[in-house]
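What you are looking at is a predicted structure, and each value in this text was computed from that prediction instead of being measured.
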Amino acid sequence: MKRLLLIVAAALALGSCVNADDVKFTGLKSVRLQENNPPRGDVSPLSSPIVCMTVGVENRSSGKLQLLSSDMTVYLNGRRILSAKLAEPVVVAKRFSGEVPLTLRLRVNDPLSLLTLMGGRGLASDGLTVSGEMVARAGWKGKKIKFENRPLSQIMATFGVDVNQIPLR
């Protein structure tokens, strides 16, 4: 009887594993700025905007995927210009193919550099790097992913997004 329980437990554990090849990001479908009520006394529209994105995802695995938290900082030539936090956890159901909403709360640290970037330099700029961490869960297993000073274009390419295709206006 003990042997049978061990076999069943092992089968359940193996069945809940998520293989990285079973998850595919099909690109950024839409990006929009949501209205935000700034804190009292703050008149800057760049103080804490909320960005709503739609990301294409294919999860062919037998387990759901969850992005529990994300905290990232964007730097331009070593100078912090923007911080982004995941506003609410994201769940992708097992055997799902479609679009998933992703909401980020932004904090603009250097509005002038951000406007300069949006005005002409573009997101493919060599000096644009990202540092931060994400907490994700696939099936039963959780993982904290940390990264330091990685080019934005490299991080976005991981999710099937070409930074040159992101509209900045």
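- F147 and M72 make their closest contact through CZ-CG, 3.9 Å (heavy atoms, listed as atom of the first residue, atom of the second, distance).
- The same ILVMFWY cluster, assembled from side-chain heavy atoms under 4.5 Å apart, contains both V90 and L106.
- How far NZ of K94 is from OG of S61: 9.0 Å, rounded to the nearest 0.5 Å.
- A continuous path of hydrophobic side-chain contacts links M53 to V92 [ILVMFWY only; heavy atoms under 4.5 Å].
- Around the CZ atom of R150, the shell of radius 6.0 Å holds more than 12 heavy atoms that belong to other residues, nucleotides or ligands.
- V91 and V135 fall into different hydrophobic clusters, where Ile, Leu, Val, Met, Phe, Trp and Tyr are joined by side-chain heavy atoms under 4.5 Å apart, directly or via other members.
- The OG atom of S69 lies 8.5 Å from the NZ atom of K85; values are rounded to the nearest 0.5 Å.
- Smallest separation of non-hydrogen atoms from L86 and L102: CD1-CD1, 3.4 Å.
- Annotation for E58 and S97: closest pair CG-OG, 3.4 Å, computed over non-hydrogen atoms.
- The two residues L128 and I81 come nearest to each other via the heavy atoms CD1-CD1, 4.2 Å.
- Separating the CG atom in D71 from the CD atom in E133 is a distance of 7.0 Å, to the nearest 0.5 Å.
- Taking both residues in full, the closest heavy atoms of R80 and D110 are given as O-CB, 3.7 Å, listed atom of the first, atom of the second, then distance.
- A continuous path of hydrophobic side-chain contacts links L104 to L67 [ILVMFWY only; heavy atoms under 4.5 Å].
- Criterion: ILVMFWY side-chain heavy atoms under 4.5 Å apart, direct or through other members. Under it, L76 and V51 are part of a common hydrophobic cluster.
- Residues A93 and N59 share a closest heavy-atom pair of O-ND2, 3.1 Å.
- Distance CZ/R137 to NZ/K64: 8.5 Å, rounded to 0.5 Å.
- The CD atom of E148 sits 9.0 Å away from the OG1 atom of T73 when rounded to the nearest 0.5 Å.
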